[in-house]
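The structure appears below as structure tokens.
Along the sequence shown, residues carry numbers from 1. As a basis for the values below, the full set of heavy atoms in this structure was taken, side chains included, without hydrogen atoms, waters or symmetry mates.
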Amino acid sequence: QVQLVESGGRLVQAGGSLRLSCVASGRTFGNFAMGWFRQAPGKERQFVSAISWNGASIGYADSVKGRFTISRDNAKNMVYLQMNNLKPEDTAVYYCARDYAYLRNRVVIATTEYDYWGQGTQVTVSS
């Protein structure tokens with residue numbers, strides 16, 4: 001089975017930057033789109049960003065456009081989320097996930113479209 005492990009979450013001051021990483025097991029990482037989601041206490045898990053298998057298609061939630069950047073390195077089985085100009089409302093547990101569709105070109109935002117999830121990494125932004 002596929003295993004995903006996120007890292008990089010920590011306490012950071014508002015306006016600061018943070019880079020999250022996700023490493024995936026297996027030999028077919030490069031065949032699938034990857035996404036980042038976040039969930040604050042008492043709230044639903046929400047879409048943050050996603051990137052297609054070859055990096056040609058990228059999508060962002062409106063709340064993070066212009067501040068966050070998603071990227072991937074298929075040779076290393078890694079996906080990243082660079083977060084700049086962080087705000088207190090960005091505080092959440094961040095999860096990476098794999099899109100279940102093989103070689104899907106268009107990114108999707110629904111959690112039901114993803115079949116494997118990491119354990120999450122906590123990001124806390126202080127004011």
**Request:** List the atom of A40, the atom of A92, and the distance in Å for their closest heavy-atom pair.
**Result:** N-CB, 3.9 Å
**Message:** Determine whether V125 and K87 satisfy the following criterion, side chain to side chain contact (heavy atoms under 4.5 Å, CB included), listing intermediate values before the conclusion.
**Reply:** CA-CA 6 Å; V125 184; K87 304 175 181 180; 5.5 Å; no
**Prompt:** With a 4.5 Å heavy-atom cut-off, do L11 and S126 have their side chains touching?
**Reply:** yes
**Request:** Report yes if the distance between the aromatic ring centroids of Y60 and F47 is under 6.0 Å, otherwise no.
**Result:** no
**Item:** Side-chain touch L81/F68, heavy atoms, less than 4.5 angstrom
**Value:** yes
**Request:** May I ask you to check whether over 12 heavy atoms, not counting those of I58, lie within 6.0 Å of atom CD1?
**Result:** yes
**Item:** Nearest atoms (heavy-atom pairs only) where F29 meets A24
**Value:** CD1-CB, 3.4 Å
**Separation between CZ of R72 and OG of S52, rounded to the nearest 0.5 Å** = 7.0 Å
**Prompt:** When rounded to the nearest 0.5 angstrom, what distance separates CG in N31 from CG in D99?
**Reply:** 12.0 Å
**Value rounded to 0.5 Å, distance of OG1 in T111 from CZ in R45** = 7.5 Å
**Prompt:** Are side-chain heavy atoms of D90 and R67 found at a separation under 4.5 Å?
**Reply:** yes
**Request:** Could you state whether V93 and V64 fall into the same hydrophobic cluster, counting links through intermediate Ile, Leu, Val, Met, Phe, Trp or Tyr residues with side-chain heavy atoms under 4.5 angstrom apart?
**Result:** no
**Asked** Is there a donor-acceptor contact under 3.5 Å linking the side chains of E6 and Y95?
**Response** no
**Asked** When rounded to the nearest 0.5 angstrom, what distance separates CD in Q82 from CG in L20?
**Response** 8.5 Å
**Approximate separation, where rounding is to 0.5 Å, of C96 SG and Y116 OH** = 13.5 Å
**Asked** Mind checking who shares a hydrophobic cluster with M78, ILVMFWY linked at side-chain heavy-atom distances under 4.5 Å?
**Response** V5, V23, Y80
**Prompt:** Under the 3.5 angstrom rule, does the side chain of Y114 hit a backbone N or O of V108 as a donor-acceptor pair?
**Reply:** yes
**Request:** Answer yes if the side chains of N74 and W53 hold a donor-acceptor pair under 3.5 Å, and no otherwise.
**Result:** no
**Complete:** Applied to residues 9-19, the side chain to side chain donor-acceptor pair (under 3.5 Å) test, sequence neighbours excluded, yields S17-N84
**Item:** Close side-chain approach of W117 and F37, heavy atoms under 4.5 Å
**Value:** yes
**Closest approach of A97 to L4 (non-hydrogen atoms, all atoms of both residues)** = CA-CD1, 3.7 Å
**Prompt:** Does the cation-pi check pass for R38 over Y94, that is, NZ or CZ under 6.0 Å from the six-membered ring centre and within 45° of its axis?
**Reply:** no
**Request:** Kindly say whether S7 contributes a backbone atom to a donor-acceptor pair with the side chain of T121 at under 3.5 angstrom?
**Result:** no
**Asked** Can you name the closest pair of heavy atoms from S49 and G59 and give their distance?
**Response** OG-O, 2.9 Å
**Prompt:** Are side-chain heavy atoms of Q122 and T91 found at a separation under 4.5 Å?
**Reply:** yes
**Message:** Using side-chain heavy atoms (C-beta onward) and a distance below 4.5 Å, is V123 in contact with M83?
**Reply:** yes
